[in-house]
Amino acid sequence: MMTKQIHLWAFLQGIGFYPTGWKHPRARPEGVFSMDYYRSVAKLVEKGRFDAIVFGDQLQSRGAGGRTPERMAMPTLDPVSLLTAMSAVTEHVGLVATISTTYNTPEMLAERFAAMERITGGRSGWNIVTSAHPDTAPNFGEAELPPKDTRYSHAAEVVDKACELWAAMDRAGPRLPQGRPVLVQAGQSPAGRDFAARTAEAIFCPAASIEAGIDFRNDLRSRIAGLGRNPDGTRIMPGLSCVLGGSEEEAKANHKAIMDLADVALAIEYLSESLCCDLTPFDPEAPLPVAAIIANTLLPKSDVERMVASAAEKGTSLRDYAMNFMLHPRGHNVFIGTPEQMADMMISWRDAGACDGFTLQPSYMPGGLEDFVGEVVPILQKKGRYRTEYPGNSLRETLGLPAFARADA
Amino acid sequence: MTRPFILSAAIADPQLAVPATAAAWLDAAEAAGLDLLHFGEAGARPFDAQVLVAWAAPLTKRVGLVACVPASNAHPFHVARALSAVDFLCSGRTAWSVVPEGASEGMAEDMIGAARALWDGWGSDTLILDKTGGRYLDAAKVKASNYEGPFFKVAGPVNAMRPLVGQPLLVTYEAAPLAITDADIALVASPQKAAGATKTLLKITFETPLEEIAQHFAEGVIDGVHLSLTDPLAELPALAQRFAALVAANPGGAGNLRERLGLPLPATASNQPDGAKIPEIA
């Protein structure tokens, strides 16, 4: 029996996984404003035989309480533009763009993806998201986001309508190379998981541990099967960041070096963004201003109360809370160790059914990606667990998914 | 500086979305020394031009990339971000037009107003990128737009740096008129200086007498010509050959599309005199 192959995606938004990443000596924060950077990164991803490059997106105006952060990198360029340009300098790698169903009509996004699908020769994917950040609504003429359950039912309608539009375009010709973009989703809540189970051909998710990965994948596979879909038709790709070193000690030192780039002001800005409440006016040495946070946050207050409950009880200072918060961004698996150990960890996750592969989030760019492609990919290949050549040209072929059954086929 | 004679052409063939064909056409446009290549135009928009100009960005070096955007099927927040990204990818060669077909009256103008307000929300020298000091940007230079038009209300600020050209060059069509008085370039059917634009390009065919074009240019009535292409591989070299003498005196040289074509930002629309500056890092 063939050993289980590992799929890899490269999640490349911004200048890396860590908020401090842009300050790293091997980060190129100026590069993200030039094609040279995207050309070299795209070619590196393709050299690493990744399935796809994924860009996230944000439609909100940045800055809690209207205060634009100064110390956080904010290179939020339009993902469709970046990915389409990267497709022009590559041949195989897939391009997965995040587009919100909340603030795009089906007609808008169907037209965008149809063009992307054609000009990339069938390498496009759509990471379907709903907009959850309250500061998004005013950019689209609204005071508030629609309620969460409405956002998901609306998303389902938008996806259905977009698929109808692609089917019509495909029938009218010229054909869309894959029939439609590959549908990707990142749902977490029960409603989000149901939506993913119904729609997604690939799923991006956080899973901080192998157990969390197994639970998530089993849950999604049973939801998918429950809807009469084949669970093997969906790739589950948890996030993975890493800091590598020639020895464990060196890796730990490299990780510490990234963490040491954090300053309190940056940590407080990052926390402010995450809690949707401007904490920069508060004394860093005083206890976390829990009452003010709950009163002012634009996020659901119960979610925020849960987040800060333990700090409220212990009287943790704003400084300590913010600095600790920066150590664990976004609940993803962070690996710190040698390339050999990392390859073994990835194989063990795959063999345990914790994932179909990983969505790599380099800790800083492009240095973190260079290390992974140069040091971990060859080990996975040598162990026979990772491709050395692409199987075809379309993203669907690369993902090993069955061809999309066209409506008129 | 010498006033450049501007060569402009449009392709509205769906084959422009097919990579092999598109690559050959882009090469031909570059070889012809074209100043502006329009991806679709008023009345002929068979693809999403915003996507195709992104694809063209790394495959071209000189030609201006004009995205024809439908007022009926776009939102200024998305358009502002997409064209901002494209402008960085092509090192400052982005232009756009907004076609009113199928949209309510005034919607195209509203989209232009909103997108310009978003582009102007970031100062040209907002980015600092100081790794040692830890300041990525100067927040005092990022301003909310608070744009409120009849169709679009966009608070902003946009979450993307101002383009290198400041605002992508705005092209208007006499055939699809807009209530815009400060466009960069207008395409007109008869040789008469456009009232609402800095530069006027005459729509021509290969039958339009060359001497008349040269005379209109010399008199300052027009600033160049525009041709709608039906067979780009044949027409682009022919266009270059036909106008070789007129473009020979062009200053050429480096700089972004605004600088090269002599199109400063319209003062009425912009509170920023120039485009983005990206700090260099040692």
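Proteins come first, then strands; the chains are lettered A, B, ... in the order of their sequence lines, and each starts at number 1. Keep in mind that what you see is a predicted model, and the values were worked out from it rather than measured.
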**Message:** Tell me whether the rings of B:His78 and A:Phe140 are parallel (<30°), tilted (30 to 60°) or perpendicular (>60°).
**Reply:** tilted
**Asked** Can a salt bridge be assigned to the pair B:Arg81 and A:Asp57 using a cut-off of 4.0 Å between side-chain N and carboxylate O?
**Response** yes
**Message:** One thing to verify: whether B:Arg45 and A:Glu111 come together as a salt bridge, which I'm taking to mean a side-chain N less than 4.0 angstrom from a carboxylate O.
**Reply:** yes
**Asked** chain A heavy atoms under 4.5 Å from B:Leu137: which part of the residue, side chain, backbone, both or neither?
**Response** both
**Message:** Heavy-atom cut-off 4.5 Å, strictly under: side chain, backbone, both or neither for B:Leu59 against chain A?
**Reply:** side chain
**Asked** By number, which residues in residues 126-133 of chain A have some heavy atom less than 4.5 Å away from chain B?
**Response** none
**Message:** How close do A:Ile119 and B:Leu16 get, counting heavy atoms only, and between which atoms?
**Reply:** CD1-O, 3.7 Å
Heavy-atom pairs under 4.5 Å with chain B: which of [options] has the most?
options                              : result
A:Arg39, A:Met116, A:Arg67, A:Gln58  : A:Gln58
A:Ser61, A:Gly31, A:Gly141, A:Ala137 : A:Ser61
A:Asn104, A:Asp135, A:Leu83, A:Thr20 : A:Asn104
A:Glu117, A:His24, A:Glu142          : A:His24

**Contact listing (chain A partner; residues 19-31 of chain B; heavy atom under 4.5 Å)** = B:Pro19, B:Ala22
**Message:** Please determine whether the number of non-hydrogen atoms from other residues, nucleotides or ligands lying under 6.0 Å from atom NZ of A:Lys161 exceeds 12.
**Reply:** no
**Sole candidate of B:Val86, B:Val51, B:Asp87, B:Leu83 that passes side-chain contact (heavy atoms from CB on, under 4.5 Å) when paired with A:Ser81** = B:Val86
